[in-house]
Amino acid sequence: MLEDGSVYEGTIVSPGTRFGEVVFNTSMTGYQEILTDPSYRGQIVVMTQPHIGNYGTSAEIEESRRPWVEAFIAHQFTARHSGSGEASLPPYLREHGIPALHEIDTRSLVRRLRDRGALRGVVTSERSDVAGLLEEVRHSPKMEGRALVDEVTCAARHTLEPPGEAVCRLAVYDYGIKTNILRSLYARGAALEVLPARTPAAMVLDLGVDGVVLSNGPGDPEPLREIVDVVAELVASDLPVLGICLGHQLLGLALGGRTRKLKFGHHGGNQPVKDLASGLVVITSQNHGFAVDPDSLPSGVRVTEVNLNDGTVEGLAVEGRTVFSVQYHPEAAPGPHDAAPLFGRFLERVAPLRAAASR
Amino acid sequence: MPRRDDIRSILILGSGPIVIGQACEFDYSGTQACRALRREGYRVILVNSNPATIMTDPEFADATYVEPLVPEVVESILAAERPDAILPTVGGQTGINLTMELHRRGVLERYGVELLGAGVEALQLGEDRLLFKQAMEEIGLAVPKSALAESLEEARRIVAQLGYPLIVRPSFTLGGEGGGVLYNRDELDEVVGFALKASPVHQVLLEQSVLGWKEFELEVMRDLADNAIVVCSVENVDPMGVHTGDSVTVAPQQTLSDREYQEMRNDAFEVIRRVGVATGGSNIQFAVHPKTGERVVIEMNPRVSRSSALASKATGFPIAKIAALLAVGYTLDEIPNDITGKTYAAFEPTLDYVVVKIPRWAFEKFPGAKSTLGISMKSVGEVMAIGGTFREALQKALASLELDGNLYMRELRLADPLQLRRRLTEPNWERLFAIFAALRQGWTVAEIAEATAIDPWFLREIREVVELESELSCWDVETVPGALLRRAKRGGVTDERLAALLHCNSDQVVERRKEHGIVSVFKRVDTCAAEFPALTPYMYSTYARDDESAPTDRPKILILGSGPNRIGQGIEFDYCCVHAAFALSKLGYETIMVNCNPETVSTDYDTSDRLYFEPLTLEHVLGVVEREQPLGVIVQLGGQTPLKLARGLEAAGVRILGTSPDAIDLAEDRRRFGALLREEGIRQPEHGSATSLVEARAAAEAIGYPVMVRPSYVLGGRAMVICHDDSTLVRYMSEAAEVSPGHPVLLDRFLEDAVEVDLDLLCDGRRAVVCGILQHIEEAGIHSGDSAAVLPPYSVSAANLETMREIARKLALRLGVVGLMNVQFAVHRGEVYVLEVNPRASRTVPFIAKAVGVPIVALASQLMAGKTLEEIGFTEEPAVPAVFVKAPVFPFNRFPGVDPVLGPEMKSTGEVMGWSPDFGAAFAKALLGAGVRLPNEGAAFLSVHDRDKPGLLPVARRLAELGFDLLATEGTARFLEERGLTVRTVNKIHQARPHVGDHLINGDIHLIVNTPMGRASFEDDAHIRTTALRLDIPCITTLSGATAAVEGIASQRAAAFSVGSLQSLFARADAAEAAEESDRAVPAR
Ligand SMILES: Nc1ncnc2c1ncn2[C@@H]1O[C@H](COP(=O)(O)OP(=O)(O)O)[C@@H](O)[C@H]1O
Ligand SMILES: Nc1ncnc2c1ncn2[C@@H]1O[C@H](COP(=O)(O)OP(=O)(O)O)[C@@H](O)[C@H]1O
Ligand SMILES: [Mg+2]
Ligand SMILES: [Mg+2]
């Protein structure tokens, strides 16, 4: 059921009752990555690809320690998988207590979300009191103004040391980080200090890192004022900074910009992003409901990339500094790997600094 | 980047006649390319020998050359037109091969033409398997290892390295002929030996096998700025070892995880960059190990392809059009996405439905052909269906196939437990049905997966259907619960099948489900899974909650397409449907197309105002009609497919535009039609019918031998046989025909040595005007679709032609035809007989339209919309400005061992047109277009039936005059020598060696005239014909064909072929007419 009162009846694959903002994702593959992406905290996800669960689930494609979506909806879940997976999806969902619904007209639902914007809703296998549910949906928190980072960030700092000598040492803020961001940096030889979301800037400076990475994460960036202040401090400290998704929005705010809610956001693996300098287009993986308002940015901060479809800001850079951010997910997982070189570009700029510093 | 201004004119190469592996998908892509480039203001010059294409309609190019696609002809065109560039990538393998040949001959350089899209190196890498593999290894991608062998010893050495099984591919054979799989040492000599022999250069590629791996295809596009996207992924349900063109396929891919898929996508980009396709689309094939996920690259086609047509239809992303725009310098981010209107081509379509393609084969036409599937493609067409789920799409695709008879009967036939296993393990065209049968018999998914190597995910989906059906069969139509019925419809179970399961008829099923409110809804194909609103109404039906078809209230007309290509019903009918859409739209109607063939122009979302990608069954068509409420439905343009639906549609209260269903029935029902002819005093071959051998013999006696026999229940000349005597009749009755009181056999007197003629006319119900008359070169008895034909007729008397016109007009008026009608006549001993009447557009319509320069189908559409001939200004039979010859093209090279002999059953897949001011040149050009190069000199081998000997004499004389040496078998040689010709006698095959077969192989013979000599020498004849086919030696099997060929040789020796565009031809014709008129206007002095 959605806050506009519309009700979709389907078949329950995993029982339960959960409220959340309903969003749709147009990726054709990668459902497990989506389930375990902490950015989906507080959201009910509708998949547009009809068959979900075909290749099962495996431990190695988890994007975090557990699935986060509030509830999961598809046209048809596959009861028994084939291919590379270790277990089938429906039992996985049940095990993690994620309500899941299928055999509904997902396209109808998606068109509604497209036309009205993301709506709050509920998935339930237990309740049938339509009026009462609707009341509750309407009273459930709106995504705007919701700070969810604290619910998903890691409990304590931990360190990842690559084999051999690290090309550089990075502080990585975990606002709900996807593992593949860590993997992508680590695989390129960076040592990582993964920090809880509320880690003060001073502590980062104490760690003596060569750069800072601001991760993706759930919810609205606006209410995260304290975190924004931390980011501002870090930027002021002269450290190189890379922001991804929520991290990009937080950087935008820290630089003095504003963010705004998009109608239904970008959630999928086919978003074209144009690099304004080269004119080249990369196909990116995206998952966000808020965006940086380009007109709000102060001088000295450049929009480097835009979404080809709707012109929204996809990349920022502070002129003369190694401080930049992207709205999309260069780590993919799921989605195309086209933007992965971004990690390399960041490290290329950070590593020489380190070399210089150590000399 | 903006469009390039440094080029002004572009030559586009079409793909020529429809053959297996290259069908109307290239008309679709070529038409898109022509339209896109003309819209950009380029001068477009088109060469394509296939007259049944939309692209060769004069309005699609500035200069349209319907000429043979051979280097020397294209060179003449280059000389005449001097284009700046060639776009070689939309004309299939033909376009590529031709371009490479032009390059090798230095022609491209000589005329300074640039290749757009892909350069010579890229084309070469796509074509040469070894070079390609090297290139892949260079960039670190795995490929099946392989090596070339030129002898058995070499092959043995390679096998020792690569191990069994091995894929064997002879170099330079057509359609992979002679290739196969080598499983063990014992077969080596035979398989490799055969392949070496099949290869004209005695070379075979031996390749490590990845049989049973999963097969995937990616459609990739790249622009000049190096942006690259994947338009669509396609998964083959049939694993490696079955050609993608013969596989059931699914889009998007279903069984790869994100990581596996993205890695494949990365590889695909590396491939397209390494091969160096600068701009445009490419198809890249991969094999993936089902357990380990190991991945190898199989091949890449640096051009648009059958798969890219499928991908375009599956996603709504027009690959060929975009490829054309990229070729002239645009980048992906500059080209708008028509469907959303808001976004650009630089993105990747995402699907919220499932697409299933099933091929359609024609094995029944080629008795003796192995019906197993392998690495060389054998299907002649395909259907695509869109559904909410795989099971729904699969069932819709099965319904779209229009197979004869009941699908479930087919399953039963396969269900024999002894055979079932083999039908599962050995890929064959009925394997899908065997899977159904096995599941019904309780085979487990694991067992079937083991036998077929098909991914269990697909098998489980099929099992869902089987289980659903068995649940349904416990109920009857009165008691079946609504929820179950809903599940059945969601699972794609057709009303017809439900009727069988619920022990009732389809009407009752419909009634029952409507009581439960279970009706189909329509969803849009929009490239973006509804993320953006769709502007183009491209729809498919499914069972769900919302309908988004949003019909308008404009006056609208629904056009029914022709379904999958098959022998006897191909591109010609799609041509007709497309024309109707254009014409009706000009008249102000909204046009709605229903079709299920992804290869076609009709299923381009640009062709009609609204497109429904649906099976052409009563259920699905009525679904559309109920939603759209059109003024009427056009059934006469899509061949037999929509015609079969006319009655049912009418019964459901739908208005049929044009000729009435009853008139259609009157013409189609042989009994009713026979009576009508008798009544009108029109001559027809004496005929009868029989339900037993006794009756058949009696009927044949009464009619007189030879008789033509056919079962009444099949269409399209299937299982037709000519019986010259009682014994062949007896054999036919006992072996071939399934005869029962419900299914009589029909007998006609076979008109011997008759000249067959096709006539097409337009009629508005009150007046009928002939569009053109086509005389067949082969005599009656060779199916009209398989016979070469010429317009205007060259040897039928004026009086007979006049009689035909009269008869045709009379019949049209009598039947009340509104629109098109086709009559087939035979002239036998000076008398005109009617063989059959088709109350619809016929196969010859596009050919005639092109030859006389009249848009016949557009006119017919106007008539169906209620206009009169007078109003549309078509009151006179058009003049024919030159001689136009149609030559058919046959798929025999795909069916090794099948005797390439012609008869009353159609076997050709396509046709070409050759034209010239004189018959000989037109005929030789047509043959050249069809791939038969008549020799200018050398030796001719003659061997004909006794009957044909007198007729052979002038042919032999003429050949001798032209300087040919004559070789003949004993009888023929004696006959000719007695009449003063010098002839060398050669041995028949069963006589001593060297025999004719040896001479053929040794290259001593350059032309063969061999008419079938009956049972006695059947084997010899067949051997000669198959050897000739393999060696590409022109082999003519009829006397009339031989006569025409000799004329062709004479005229091609006399002068090089002239070429000309249709536009200049008709400009000249118009000018001549105008001059004539002004002459008349000058007052006589
Ligand atoms: N090494 C191989 N092992 C097993 N099957 C193969 C192999 N190579 C090709 N095939 C099968 O043969 C088909 C045709 O081969 P392909 O290289 O694609 O040639 P074509 O140019 O005819 O498409 C493929 O679709 C695949 O099913
Ligand atoms: N009575 C006949 N005598 C000689 N040839 C015939 C006769 N009837 C049919 N044929 C030949 O058989 C072919 C197919 O027959 P037709 O009735 O036209 O079937 P189809 O429906 O397949 O077109 C014709 O094109 C013609 O060549
Ligand atoms: Mg292939
Ligand atoms: Mg016929």
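Reminder, nothing fancy here: chain letters follow the sequence lines and each chain counts from 1. When reading the values below, keep in mind they use all heavy atoms of this one structure, side chains included, and skip hydrogens, waters and symmetry mates.
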Q.
Please report the interatomic distance NE2(H81(A)) to OG(S257(B)), rounded to the nearest 0.5 Å.
A. 11.5 Å
Q. For V281(A), does its backbone N or O pair with a side-chain atom of N227(B) as donor and acceptor, under 3.5 Å?
A. yes
Q) Is any residue of residues 526-534 of chain B within less than 4.5 Å of chain A by heavy atoms, and which ones? A) D526(B), C528(B), A529(B), A530(B), E531(B), F532(B), P533(B)
Q) Between N54(A) and L256(B), is there a donor-acceptor pair closer than 3.5 Å when you use the side chain of the first and the backbone of the second? A) no
Q: Kindly indicate whether the side chain of T29(A), heavy atoms from C-beta on, has any atom under 4.5 Å from the side chain of Q262(B).
A: yes
Q) Do D105(A) and K523(B) have side-chain heavy atoms sitting under 4.5 Å apart? A) yes
Q | Stepwise side-chain contact (heavy atoms from CB on, under 4.5 Å) test for H337(A) and R265(B) | A | CA-CA 9 Å; H337(A) 300 170; R265(B) 181 177 171 281; 5.7 Å; no
Q.
Taking side chain as everything from C-beta outward and backbone as N, CA, C, O, which of these in Y543(B) sits under 4.5 Å from a heavy atom of chain A? Side chain, backbone, both or neither.
A. neither
Q. What part of F24(A) lies closer than 4.5 angstrom to a heavy atom of chain B: side chain, backbone, both or neither?
A. side chain
Q: Between chain A and each of K214(B), E263(B), R487(B), R391(B), count heavy-atom pairs under 4.5 Å; write down the option with the most.
A: R391(B)
Q: Apply side-chain contact (heavy atoms from CB on, under 4.5 Å) to I229(B) and I283(A), showing your working.
A: CA-CA 7 Å; I229(B) 57 164; I283(A) 306 298; 3.8 Å; yes
Q: Can you establish whether the number of heavy atoms outside E467(B) located under 6.0 Å from its atom CD is more than 12?
A: yes
Q. Of the listed residues (H266(A), Q32(A), E60(A), H267(A)), which shares the most heavy-atom pairs with chain B below a 4.5 Å separation?
A. E60(A)
Q.
What's the separation between atom CG in L351(B) and atom OG1 in T26(A), rounded to the nearest 0.5 Å?
A. 11.0 Å
(Q) Within this structure, what is the CZ-OG1 distance for the pair F347(B) and T284(A), rounded to the nearest 0.5 Å? (A) 13.0 Å
Q. What residue, out of Q49(A), R111(A), H51(A), R80(A), has the most heavy-atom pairs lying under 4.5 Å from chain B?
A. H51(A)
Q: Report yes or no: do S82(A) and D455(B) form a side-chain donor-acceptor pair below 3.5 Å?
A: yes
Q.
Can you confirm whether L308(A) sits close enough to T343(B) that some side-chain heavy atom of one is under 4.5 Å from a side-chain heavy atom of the other?
A. no
Q: First locate atom CD of Q76(A), then atom CD of E392(B), and finally report the distance between them rounded to the nearest 0.5 Å.
A: 10.5 Å
Q: With rounding to the nearest 0.5 Å, note down the distance linking CD1 in I104(A) to CZ in R545(B).
A: 8.0 Å
Q: Tell me, for I61(A) versus chain B, whether the close heavy atoms (under 4.5 Å) come from the side chain, the backbone, both or neither.
A: both
(Q) What part of D333(B) gets within 4.5 angstrom of chain A, counting heavy atoms only: side chain, backbone, both, or neither? (A) both
Q.
Looking at every heavy atom in both Y55(A) and T255(B), which two are closest together, and how far apart are they?
A. CB-O, 3.7 Å
Q.
Below 4.5 Å, heavy-atom pairs only: which of M28(A), K274(A), R107(A) has the largest tally toward chain B?
A. R107(A)
Q: Provide the closest heavy-atom pair for D546(B) versus S108(A) in the form atom of the first, atom of the second, distance.
A: OD2-OG, 2.7 Å
(Q) Can you tell me which of G268(A), S58(A), G335(A), S278(A) forms the most heavy-atom pairs within a distance under 4.5 Å of chain B? (A) G335(A)
**Q.** chain B contacts, top residue of A333(A), G30(A), G85(A) (heavy-atom pairs, under 4.5 Å)
**A.** G30(A)
